[in-house]
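Worksheet for the structure shown next.
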Amino acid sequence: MSIKKIALITGANKGIGLETARQLGKQGITVLTGARDETKSSQAAEKLRKEGVDAHGIVIDVNDAASIQKAAARIESDYGRLDILVNNAGVMLDDEKKKPSEQSLEVWRKTFETNLFGLIATTQAMLPLLRKSAAGRIVNLSSILGSIHFHATPGSPVYDNKVAAYNVSKSAVNAFTVQLAYELKDTPMKVNAAHPGWVKTEMGGEGATMEIADGAKTSVALATIGADGPNGGFLHMGETLPW
Ligand SMILES: NC(=O)c1ccc[n+]([C@@H]2O[C@H](COP(=O)([O-])OP(=O)(O)OC[C@H]3O[C@@H](n4cnc5c(N)ncnc54)[C@H](OP(=O)(O)O)[C@@H]3O)[C@@H](O)[C@H]2O)c1
């Protein structure tokens with residue numbers, strides 16, 4: 001069995017996911033760059049290998065149960081365990097011109113399919129492998145936009161940003177994180193929700209305030225927290241956010 005830690009990052013072909021894989025890899029962790037497209041997953045790994053990272057592409061479409069199972073089977077046969085799961089894959093599909101009541105049900109369903117059900121399905125498939133780690137870590141990519149407290153508080157940083165399907169999917173990710181943290185509380189495992197910041201990626205857009213290198217920091221920190229770190233938290237750069 002490898003003595004190096006093994007990390008799986010979903011949606012690691014670009015954006016915060018690729019950068020998270022890079023930063024974990026630079027710490028000497030073997031990274032599996034998950035992408036729903038075979039070419040994209042291997043290109044991401046190749047890019048990181050050229051930077052000295054032990055990276056390997058892996059196909060994982062979080063909306064496809066067969067692809068999730070195949071990824072888990074490969075990790076089992078190649079490594080026998082998983083130390084870190086970063087549930088990073090996510091979509092924002094809302095029509096920003098529409099009010100919360102006007103977003104189509106199709107948008108709600110597709111958003112939840114990836115951001116919530118895909119995250120749960122991946123977690124369920126990887127949990128047996130994480131249980132074989134000495135200290136499994138799960139990071140769920142949430143968002144400050146998932147904070148119900150901030151959405152209900154006039155004047156908060158996100159009060160006027162009602163991209164409803166996305167926001168509610170991330171509130172649900174937070175709620176799931178708390179449920180799972182309860183289940184894991186008497187094990188060496190930890191699960192936390194991360195707000196990366198408003199980051200200059202395809203999703204974050206040009207107007208975002210954070211560079212990608214900084215946007216990966218919260219995920220990396222939560223993926224590598226020690227035994228004294230939080231379980232069931234919602235954090236950004238070491239600060240706890242309100243639910
Ligand atoms: N950027 C921000 O400001 C910000 C703020 C708060 C939270 N977040 C969260 O951070 C995470 C990463 O966001 P990002 O900004 O890096 O976005 P991004 O650049 O749009 O990247 C999203 C990643 O998710 C992948 N993905 C989407 N659907 C998938 C599926 N069904 N299976 C597997 N992978 C899938 C994409 O793959 P393809 O290339 O194949 O589409 C891509 O690799 C997301 O969960 C997002 O909600 C971002």
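Counting starts at 1 for both ligands and their atoms, following the listed order.
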Aromatic ring pairing F117/F112, orientation class (parallel under 30°, perpendicular over 60°, tilted between):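 It falls in the tilted class, 30° to 60°.
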Identify, for [atom], the protein heavy atom at the shortest distance, and state residue, atom and that distance.
atom                    : answer
atom 25 (C) of ligand 1 : G11 CA, 3.7 Å
atom 39 (O) of ligand 1 : N13 ND2, 2.8 Å
atom 44 (C) of ligand 1 : N88 O, 3.2 Å
atom 16 (O) of ligand 1 : I16 N, 2.9 Å
atom 14 (P) of ligand 1 : T201 OG1, 3.6 Å
atom 47 (O) of ligand 1 : Y166 OH, 2.6 Å
atom 27 (C) of ligand 1 : R36 NH2, 3.5 Å
atom 5 (C) of ligand 1  : G197 O, 3.1 Å

Qualifying residues under salt bridge (charged side-chain N to carboxylate O under 4.0 Å, His left out), relative to E106, sequence neighbours excluded: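 So E106 forms a salt bridge (charged side-chain N to carboxylate O under 4.0 Å, His left out) with K110.
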Gap separating the CZ atom of R36 from the OG1 atom of T114, nearest 0.5 angstrom: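 That separation rounds to 6.5 Å.
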Over all atoms of both residues, closest heavy-atom pair of [X] and [Y]:
X    : Y    : value
Q103 : D95  : NE2-O, 2.7 Å
T111 : A165 : CG2-O, 3.7 Å
Y166 : S143 : OH-CB, 3.9 Å

N/O separation below 3.5 Å, H195 to ligand 1: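 No.
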Numbered atoms and elements of ligand 1 in range of [X], under 4.0 angstrom, heavy atoms:
X    : value
S143 : 6 (C), 7 (C)
E202 : 19 (O)
K40  : 38 (P), 39 (O), 40 (O)
I60  : 32 (N), 33 (C)
W198 : 3 (O)
V62  : 30 (C), 31 (N), 32 (N), 33 (C)
V91  : 27 (C), 28 (N)
G204 : 1 (N), 3 (O)

Single-linkage hydrophobic cluster L119~L222, side-chain heavy atoms < 4.5 angstrom: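 L119 and L222: separate clusters.
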Test item: side-chain donor near acceptor, T123 and N87, under 3.5 Å: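 Their side chains do contain a donor-acceptor pair, which is all the 3.5 Å distance test asks for.
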Pair S67-D61, side-chain donor/acceptor within less than 3.5 Å: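 Judged by distance alone, the side chains do not pair up.
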Backbone, side chain, both or neither: what part of [X] comes under 4.0 angstrom of ligand 1, heavy atoms only?
X    : result
K170 : side chain
P196 : side chain
T114 : side chain
T10  : neither

For [X], does the [atom1] atom have more than 12 heavy-atom neighbours from other residues, nucleotides or ligands under 6.0 Å away?
X    : atom1 : answer
K162 : NZ    : yes
E96  : CD    : no
E38  : CD    : no

4.0 Å heavy-atom contact, S142 with ligand 1: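 S142: in contact with ligand 1 (<4.0 Å).
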Ion pair check, E183 and R131, cut-off under 4.0 Å: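 Looking at E183 and R131, the cut-off is met.
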The one among G90, G15, A89 that brings a heavy atom closest to atom 22 (C) of ligand 1: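 Considering heavy atoms of G90, G15, A89, the nearest to atom 22 (C) of ligand 1 sits in G90.
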Worked verdict on H151 versus V158 for side-chain contact (heavy atoms from CB on, under 4.5 Å): CA-CA 6 Å; H151 276 296; V158 305; 3.8 Å; yes
